[in-house]
Undergrad: 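One structure is given below, represented as structure tokens, and several questions about it will come after.
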Amino acid sequence: MRWFNNKDTLYGFLVILPSLVLLGIFVYGFIFQTFYTSLTDWGKDPAQALAANPQIRFIGFENYRELFTGLVDSRFRQDLVNTFFFTVFFILGCLGVGLGLAIVLDRSPRGEGFFRTIFLFPMSLSFIVTGTIWRWMLQPEGGVNQLPTLVGLPKGEFAWLTSREQIWQVSWNDLPFITALVVSVVLIFIAIAAFRGGERRRGYIASGSAALLLLWAFTLGRTLQPLPYDEPHGFNLAFIGIILAAVWQMSGYTMALYLAGLRGIPEELREAARVDGASEWQLYQRVIFPLLAPITLSAMIILGHISLKIFDLIFAMAGPDNAPTDVPALLMYLTTFRANQIAKGAAIGMILLLLVAAVIVPYLYSQLKSEVRR
Amino acid sequence: MSQGQRIRWELTLLAYLAAGIMFFPIFWLFLTGFKSEGDAIAIPPKLVFTLTLESIQEALTRSDYGLHFLNSIISALGSTALALILAIPAAYSMAFYPTQRTQGLLLWMISTKMMPPVGVIIPVYLIFRDLRWLDNVWALALIYTVMNLPVVIWTLYAFFREVPHEIMEAARVDGASIPQELLRVLLPLSVPAIASAALLSIILAWNETFWSLNLTAAQASPLSVYVASFKTAEGLFWAKMSAASMIAILPVMVMGWLAQRQLVRGLTFGAIK
């Protein structure tokens with residue numbers, strides 16, 4: 001009998017093998033190779049970039065150092081800041097609009113299927129088509145700027161995709177300090193939550209790391225100056241249009257998640273809260289929103305990894321050459337395939353990959369742990 | 001009218017308003033596709049205009065439109081077929097002969113789908129260049145297969161896991177071999193699951209742009225690249241561009257409408273049951 005089991009396991013393994021090999025080579029194998037490429041100077045000498053047998057030297061982390069502290073790569077640093085703001089507002093927008101739509105549909109049961117279909121419609125479009133539609137609506141002379149004229153106001157003048165205005169500027173030199181402060185605050189919140197929940201060990205670890213980080217920030221962190229001068233980076237207002245389009249496309253998705261969550265909350269629970277004298281607002285605040293928290297977390301991870309990877313939407317809306325709406329994925333495309341700076345493009349790709357991994361690996365790992373527990 | 005009724009009425013109104021706003025951009029795209037160039041750029045925008053098929057005709061008769069359409073179909077269908085061939089046995093094995101590592105393996109596969117393509121494109125590009133596979137629609141289909149394999153495996157696995165083991169065991173007792181069991185018993189049961197996995201994979205491949213943009217040129221580029229390139233080529237011909245986009249999205253709009261639930265689940269990977 002044991003022999004049979006083993007044979008089944010062997011067959012089982014053999015049929016999975018092709019998929020594993022394919023994914024292993026095409027994804028993790030090539031990630032490794034990209035990483036190796038990023039440590040070379042491939043493309044620094046234009047003559048070698050497209051040569052059949054290029055002469056490539058190993059230069060260690062030089063490309064990364066240049067991206068973060070080099071004079072010519074300030075565009076990359078602005079792109080990181082762009083991605084940060086885009087991600088934050090995209091997630092907030094999708095969560096807000098999605099939750100609002102879900103609550104409306106949950107409470108007015110008539111025609112739910114119809115509305116669901118409409119709200120999810122944009123999701124099946126490609127980002128390219130979404131970008132094409134919205135580029136047109138956001139033209140200086142087009143759709144959205146004409147809206148105020150419908151009610152007799154003067155037309156809008158905002159250059160949605162090409163505005164060079166920047167707000168909330170921060171010097172790149174202050175970023176290590178600010179990042180440390182923000183992370184410490186988050187750690188302190190985690191520590192407080194852990195102590196309240198009775199998880200002492202976790203609480204000590206979190207508060208200890210927060211203290212260490214703060215100590216570092218106020219001593220060494222202030223003296224760490226990546227650049228010899230102040231380089232301001234901020235939120236490009238041109239991104240508002242991109243965020244609008246992205247939220248339009250993906251808010252139906254969060255709506256569907258939240259709606260499923262709301263439908264999963266038993267009616268008795270709501271009735272019980274009402275009997276206890278809770279107002280509608282309290283019902284949502286105390287009972288329903290806490291129950292939706294796990295959905296919010298999952299949605300944030302999924303949307304977060306989409307927004308870090310975003311490429312085609314901006315490619316179609318503003319084009320790859322529009323500096324105010326640049327993101328790392330677009331810069332990687334320009335650096336590698338237009339400028340033939342292969343190694344530097346690889347380094348940008350690796351940094352983006354690390355950002356995405358930082359979002360999804362803990363998430364997948366926690367999924368694994370909860371699956372095993374079940 | 002009681003207060004409850006009024007709130008419900010207001011909410012319904014709100015839902016219609018939101019639906020109007022959400023649908024407006026698509027509606028406008030279609031409207032513009034049926035306009036002449038002059039009407040398309042008129043200010044204020046024209047709601048009443050003479051319906052014309054001129055723009056659609058022009059978009060369709062451009063010599064290369066058919067080629068790009070065909071490329072989209074080949075890359076989407078080809079990759080989906082290949083992904084299904086690889087995924088059905090794999091999902092079968094993981095669902096019916098799970099080991100301790102199955103969950104980990106599945107999540108590892110999903111991680112490959114979530115990784116950004118910018119992290120792997122350089123080696124792929126260089127290898128395709130050396131093999132002379134650039135601008136080849138079948139090579140593109142291979143990339144799409146790898147891209148969609150995790151989603152297809154996961155969708156099938158989630159369905160297979162719900163199939164009662166007794167059915168398979170009964171077939172086994174009747175003397176069926178494993179391939180017979182798979183072909184005669186499991187596949188007929190799982191037509192809906194296979195169909196939804198296929199729909200999902202077709203939609204994702206149809207909408208993909210990063211790979212096709214970088215790996216294909218005039219010969220093998222699918223519609224998504226064509227629509228993206230329309231921008232630079234004919235920046236100001238809005239009606240023609242709307243018409244081209246409209247025809248490009250028609251197939252996925254129908255499929256997306258059929259597969260909305262799968263789209264949501266496929267993106268979430270069952271994180272939310």
Side-chain angles (χ1 to χ4, degrees), chain A residues 8-9 12 15-16 18-19 22-23 26-27 30-31 33-34 37 101 104-105 107-108 110 115 118-121 123-126 128-129 132-133 136-137 141 146 149 253 256-257 295 298 302 305 309 311-312 315-316 329 332 336-337 342 345-346 349-350 352-353 356 360 364 367-368 371-372, chain B residues 8 11-12 14-15 18-19 22-23 25-26 29 43-45 86-87 89-90 93-94 97 99 103-104 107 109-112 114-116 118-120 122-124 146 149-150 153 178 203 206-207 209-210 214 224 227-228 231 238 241 245 248-249 252-253 256-257 260 263-264 267-268 271-272:
Chain A
D8 280 350
T9 318
V15 293
I16 304 176
S19 305
L22 212 56
L23 291 173
F26 267 87
V27 182
F30 286 165
I31 286 176
Q33 204 177 343
T34 308
T37 307
L101 292 177
V104 168
L105 287 200
R107 304 199 49 151
S108 64
R110 250 168 297 169
F115 288 119
I118 296 276
F119 294 152
L120 275 173
F121 226 106
M123 206 184 136
S124 62
L125 303 184
S126 66
I128 287 286
V129 171
T132 308
I133 298 176
W136 187 31
M137 311 238 318
E141 292 297 317
Q146 297 288 346
T149 59
Y253 168 67
L257 295 185
I295 296 184
S298 296
I302 303 285
H305 100 277
K309 292 198 290 192
F311 172 87
D312 23 12
F315 187 92
M332 186 273 172
T336 314
F337 295 107
I342 295 168
M350 287 313 294
L352 199 58
L353 189 110
V356 172
I360 62 167
L364 290 175
Q367 289 282 312
L368 178 65
E371 278 286 336
V372 170
Chain B
R8 178 165 291 185
L11 282 171
T12 311
L14 201 64
M22 290 293 273
F23 197 65
I26 302 176
L29 177 82
I43 289 173
L86 286 168
S93 147
M94 288 202 282
Y97 303 97
T99 65
Q103 279 302 326
L107 286 164
M109 288 182 178
I110 289 171
S111 79
T112 64
M114 294 174 115
M115 288 299 176
V118 289
V120 292
I122 291 176
V124 174
V146 180
L149 195 55
I153 291 182
I178 287 184
I203 293 173
W206 191 280
N207 287 345
T209 319
F210 183 76
N214 287 311
S224 52
V227 171
K231 177 192 171 185
W238 289 108
M241 203 172 80
S245 312
I249 60 172
V252 267
M253 269 175 73
W257 179 63
Q260 278 188 342
L263 271 174
V264 172
L267 199 59
T268 316
I272 296 144

Undergrad: Check whether A/F119 gets within reach of chain B through its side chain, its backbone, both or neither, counting any heavy atom under 4.5 Å.
TA: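 Both parts, heavy atoms under 4.5 Å.
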Undergrad: Under 4.5 Å heavy-atom distance to chain A, tell me which part of B/I203 shows up: side chain, backbone, both or neither.
TA: side chain
Undergrad: Among A/I342, A/I118, A/V129, A/T336, who wins on heavy-atom pairs under 4.5 Å with chain B?
TA: A/I118
Undergrad: Are B/M114 and A/I302 side-chain neighbours, meaning at least one heavy-atom pair lies under 4.5 Å?
TA: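 Yes, close enough: below the 4.5 Å cut-off.
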Undergrad: With rounding to the nearest 0.5 Å, note down the distance linking CG in A/L120 to CE in B/M22.
TA: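 It comes to 8.0 Å.
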Undergrad: Identify which part of A/I360 has an atom lying under 4.5 Å from any heavy atom of chain B, answering side chain, backbone, both or neither.
TA: side chain
Undergrad: Considering all heavy atoms of both residues, which atom of B/A15 and which atom of A/V104 are nearest to each other, and what is their separation?
TA: CB-CG1, 3.8 Å
Undergrad: Using 0.5 Å steps for rounding, measure from the CG atom of A/L23 to the CG atom of B/L149.
TA: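 The CG atom of B/L149 is 5.0 Å from CG of A/L23, to the nearest 0.5 Å.
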Undergrad: Who among A/F26, A/F121, A/F337 has the most heavy-atom pairs with chain B under 4.5 Å?
TA: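 Result: the option with the highest number of such pairs is A/F337.
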Undergrad: In chain order, what residues pass the side-chain hydrogen bond (donor to acceptor under 3.5 Å, both in side chains) check against B/T112, with sequence neighbours excluded?
TA: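 So B/T112 forms no side-chain hydrogen bond (donor to acceptor under 3.5 Å, both in side chains) with any residue.
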Undergrad: Between B/F23, B/F210, B/W206, which has the largest tally of heavy atom pairs under 4.5 Å with chain A?
TA: B/F210
Undergrad: Could you state the interatomic distance from CE (B/M241) to CD1 (A/I133), rounded to the nearest 0.5 Å?
TA: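 Interatomic distance, B/M241 CE to A/I133 CD1, rounded to 0.5 Å: 9.5 Å.
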Undergrad: Within this structure, what is the CD1-OG1 distance for the pair A/I128 and B/T209, rounded to the nearest 0.5 Å?
TA: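 With rounding to 0.5 Å, CD1 (A/I128) is 4.0 Å from OG1 (B/T209).
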Undergrad: Rounded at 0.5 Å granularity, tell me how far CE in B/M109 sits from CG in A/L22.
TA: 10.0 Å
Undergrad: Using the ring pair (Phe, Tyr, Trp, His ring centres under 6.0 Å) criterion, which residues pair with A/F115? Sequence neighbours excluded.
TA: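 B/Y16.
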Undergrad: Which bit of B/L11 is near chain A, if near means a heavy-atom gap under 4.5 Å: side chain, backbone, both or neither?
TA: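 B/L11 touches chain A through backbone and side-chain heavy atoms alike.
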Undergrad: Checking heavy atoms, do the side chain of B/T99, its backbone, both or neither come under 4.5 Å from chain A?
TA: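 When you check distances to chain A, only side chain atoms of B/T99 fall under 4.5 Å.
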Undergrad: Find the distance between CD1 (B/I122) and CD1 (A/I31) and round it off to the nearest 0.5 Å.
TA: 12.5 Å
Undergrad: At a heavy-atom separation under 4.5 Å, does A/A256 approach chain B through its side chain, its backbone, both, or neither?
TA: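 Side chain of A/A256 only, per the 4.5 Å heavy-atom cut-off to chain B.
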Undergrad: Of all the heavy-atom pairs spanning A/V15 and B/S93, show the shortest one and how long it is.
TA: CG2-CB, 3.4 Å
Undergrad: Contact part of B/I249 toward chain A, heavy-atom cut-off under 4.5 Å: side chain, backbone, both or neither?
TA: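 Only the side chain of B/I249 comes within 4.5 Å of chain A.
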